[in-house]
Trainee: 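First, the structure itself, so that you have it in front of you.
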Amino acid sequence: MALGVFGEFPWARPRRLRAGKGIRDIVAETRLHPSMLMLPIFVDERLARPEPIESLPGHSYYPPEHESLAGLVGKAMELGVRAFLLFGIPRYKDENASRAYASDGPVQRAIRYLRREYGWEPVLAADLCICGYSSHGHCGLPRECRRGTCIDNDATLEIYRRIALSQAEAGADIVAPSGMMDGQVRAIREVLEREGYSDVAIMSYSVKYASSFYGPFRSVMDSAPRFGDRSTYQMDSRNALEAVREAALDIREGADIIMVKPALPYLDVIRLVRESFPYVPLAAYSVSGEYRMLLEAVRQGFLPRSAVVEVLTSIARAGANIIITYSALEAARELAGVTGA
Ligand code: PBG
């Protein structure tokens with residue numbers, strides 16, 4: 001027993017628990033499972049057939065009532081991925097983002113269609129924002145103010161209420177406000193209760209940073225702000241403690257699930273929010289730039305495909321119990337041990 005390094009504890013050999021896959025699995029602290037993954041889906045009301053999305057390889061735009069949309073959801077559910085986050089691309093954009101709350105808007109139609117096809121089996125979450133539906137590309141309504149042009153918080157809440165109601169009426173399980181307006185959770189909770197949708201959950205993008213990692217998504221949605229940027233409403237990446245405050249407010253306002261976004265560059269924030277609020281489900285959104293970054297590294301041969309599950313595992317280990325990811329299906333396949341396409 002030449003084990004000088006262990007000194008008086010020669011029996012302390014951590015490698016014992018790494019000896020084989022079975023023993024590694026039984027002591028694993030983090031268990032990534034397809035049921036904790038949520039797949040974003042883009043529905044475009046202008047389309048008659050699906051179209052590949054250039055900036056998110058592997059993803060497509062779907063017409064709201066097309067069999068290909070049902071096909072995608074069906075395939076995902078077979079792999080154990082049962083939750084979906086729907087984004088809509090409107091026929092036209094206007095100042096007030098009216099297609100975001102139209103009862104025949106892209107997301108509303110897609111939800112109705114999927115309910116007809118699959119009943120309440122899939123968990124359908126609807127992104128609730130106006131940036132992709134508005135002519136200005138902001139998440140709130142621009143107004144003249146003493147600083148020039150500002151995003152009018154409280155006027156925006158009126159639009160969010162309408163969107164929430166239309167999504168609930170269409171059959172959403174979850175509405176997911178992503179615009180970072182103050183008081184958005186409370187405004188939405190109020191209208192849902194008043195209108196008889198107390199069973200609709202709110203997953204709030206509570207801790208959402210002004211980030212460079214949203215680039216591919218904005219080209220997918222054509223949702224980049226037409227002037228200025230989002231730093232008057234999204235968080236400053238230098239702040240972590242502020243995340244605790246944002247999350248606390250959302251929980252008090254009635255959020256059922258809180259979220260940190262992006263994920264990979266903010267693992268410290270995920271951990272901090274998890275420890276600050278151990279009793280609230282926490283989602284992390286691994287955003288489009290994270291997906292694209294890894295995908296390119298894998299495509300160019302710098303990293304093996306297993307890097308994807310390693311990154312998702314890091315997000316779960318940091319404390320997220322829901323992970324929103326464009327890699328949901330590949331990850332589910334890998335977790336099931338299915339190789340190839
Ligand atoms: C905004 C919104 C964004 C994303 C989803 N909803 C970010 C933004 O444009 O500021 C980003 C998602 C991604 O990058 O995958 N409502």
Side-chain angles (χ1 to χ4, degrees), residues 37-43 53-61 84-90 93 97 99-101 105-107 125-142 151 153 156-157 159-160 163-164 167 174-181 184-185 188 202-237 246 259-266 283-296 308 311-312 315 320 322-328:
L37 305 178
M38 188 179 249
L39 177 71
I41 298 180
F42 298 93
V43 279
I53 303 179
E54 226 172 86
S55 61
L56 286 181
H59 287 260
S60 297
Y61 296 109
F84 306 91
L85 179 59
L86 298 167
F87 291 92
I89 291 108
K93 298 175 191 265
R99 298 304 293 159
Y101 51 82
V107 165
D127 183 78
L128 194 168
C129 193
I130 64 171
C131 57
Y133 296 86
S134 66
S135 42
H136 42 78
H138 275 288
C139 302
L141 298 172
I151 299 303
N153 194 88
T156 303
L157 297 182
I159 309 268
Y160 284 5
I163 303 174
Q167 293 173 338
I174 299 175
V175 297
S178 63
M180 288 295 280
M181 293 299 118
Q184 61 186 13
V185 172
I188 291 166
I202 299 176
M203 174 170 73
S204 182
Y205 291 63
S206 309
V207 180
K208 177 174 177 182
Y209 287 92
S211 167
S212 308
F213 286 82
Y214 305 146
F217 175 90
R218 289 183 189 170
S219 77
V220 173
M221 295 280 291
D222 180 30
S223 64
R226 304 303 192 255
F227 61 89
D229 58 30
R230 303 211 205 287
S231 46
T232 69
Y233 40 101
Q234 297 180 345
M235 280 179 57
D236 189 312
S237 61
E246 283 281 7
M259 190 199 300
V260 172
K261 172 184 177 184
L264 190 52
Y266 297 90
Y285 196 147
S286 183
V287 300
S288 57
E290 298 174 49
Y291 173 73
R292 193 69 207 258
M293 184 170 73
L294 273 175
L295 185 78
E296 291 307 324
V308 173
V311 165
L312 296 177
I315 297 167
I322 299 168
I323 304 175
I324 304 166
T325 170
Y326 300 96
S327 305

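First listed ligand is number 1; within each ligand, the first listed atom is number 1.
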Trainee: Is S223 in polar range of ligand 1, meaning some N or O pair under 3.5 Å apart?
Mentor: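 No.
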
Trainee: Starting from atom 15 (O) of ligand 1, what is the nearest protein heavy atom, named by residue and atom, and what distance separates them?
Mentor: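 Looking at atom 15 (O) of ligand 1, the protein heavy atom closest to it is Y326 OH, 2.6 Å.
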
Trainee: Counting heavy atoms only, which of Y291, F87, Y233, F217 comes nearest to atom 12 (C) of ligand 1?
Mentor: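 Result: the heavy atom closest to atom 12 (C) of ligand 1 is in F217.
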
Trainee: So, do L264 and V311 sit near enough that their side-chain heavy atoms are less than 4.5 Å apart?
Mentor: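 In contact.
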
Trainee: How are the rings of Y209 and Y266 set relative to one another: parallel (under 30°), tilted (30 to 60°) or perpendicular (over 60°)?
Mentor: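 Aromatic pair Y209/Y266 classed parallel.
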
Trainee: Run the contact test for E290 against ligand 1 with a 4.0 Å cut-off on heavy atoms, strictly below, and give the result.
Mentor: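 No heavy atom of E290 comes that close to ligand 1.
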
Trainee: Which residues satisfy the side chain to side chain donor-acceptor pair (under 3.5 Å) test with S286, sequence neighbours excluded?
Mentor: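 Listed in chain order: E290.
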
Trainee: Could you tell me whether the side chain of H138 and the main chain of F227 form a donor-acceptor pair under 3.5 Å?
Mentor: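 Here the side-chain-to-backbone pair exists.
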
Trainee: With the side chain counted from C-beta on, respond yes when F42 and M221 share a heavy-atom pair under 4.5 Å apart, and no when they do not.
Mentor: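 Yes, side chains in contact.
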
Trainee: Should Y205 be counted as touching ligand 1, given the test is an N or O pair under 3.5 Å?
Mentor: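 Among all N and O atoms of Y205, none is under 3.5 Å from an N or O of ligand 1.
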
Trainee: Check whether any heavy atom of M221 sits under 4.0 Å from an atom of ligand 1.
Mentor: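 No, M221 has no heavy atom closer than 4.0 Å to ligand 1.
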
Trainee: When you measure from atom 6 (N) of ligand 1 to each heavy atom in R230, R292, K261, Q234, which option holds the nearest one?
Mentor: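 Among R230, R292, K261, Q234, the closest heavy atom to atom 6 (N) of ligand 1 belongs to K261.
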
Trainee: Indicate, with yes or no, if the rings of Y101 and Y160 have centres closer together than 6.0 Å.
Mentor: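 Distance test on ring centres: not under 6.0 Å, no.
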
Trainee: Counting only heavy atoms, tell me which of M180, R218, K208, H138 gets closest to atom 2 (C) of ligand 1.
Mentor: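 The residue whose heavy atom sits nearest atom 2 (C) of ligand 1 is K208.
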
Trainee: Which of the atoms of ligand 1 are close to C129, meaning less than 4.0 Å from one of its heavy atoms?
Mentor: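 Answer for ligand 1: 16 (N).
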
Trainee: Nearest 0.5 Å, please: how far is CD in Q234 from CE in M180?
Mentor: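 M180 atom CE to Q234 atom CD measures 7.0 Å (nearest 0.5 Å).
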
Trainee: So is Y285 close enough to ligand 1, meaning a heavy atom under 4.0 angstrom away?
Mentor: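 In this structure, Y285 qualifies as a contact of ligand 1 - some heavy atom is under 4.0 Å.
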
Trainee: Looking only at protein heavy atoms, identify the closest one to atom 16 (N) of ligand 1 and say how far it is in Å.
Mentor: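 Answer, as residue, atom name and distance: S178 OG, 2.9 Å.
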
Trainee: Could you check whether any side-chain heavy atom of S288 comes within less than 4.5 Å of a side-chain heavy atom of Y326, counting everything from C-beta outward?
Mentor: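 Sidechains of Y326 and S288: in contact.
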
Trainee: Going by atom type alone, with no hydrogens or angles, which donor-acceptor pairs under 3.5 Å involve a side-chain atom of residues 125-134 and a protein atom two or more places apart or on another chain?
Mentor:
from : atom 1 : to   : atom 2 : distance (Å)
D127 : OD1    : S178 : OG     : 3.1
D127 : OD1    : Y205 : OH     : 2.7
D127 : OD2    : S178 : OG     : 3.4
Y133 : OH     : G88  : N      : 3.4
S134 : OG     : I130 : O      : 3.2
S134 : OG     : H136 : ND1    : 3.3
S134 : OG     : G137 : N      : 3.1

Trainee: Considering only protein heavy atoms, which is closest to atom 14 (O) of ligand 1, and at what distance to one decimal place?
Mentor: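 The answer is S288 OG, 2.7 Å.
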
Trainee: Quick one: does C131 get a heavy atom under 4.0 Å from ligand 1?
Mentor: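 So C131 counts as touching ligand 1.
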
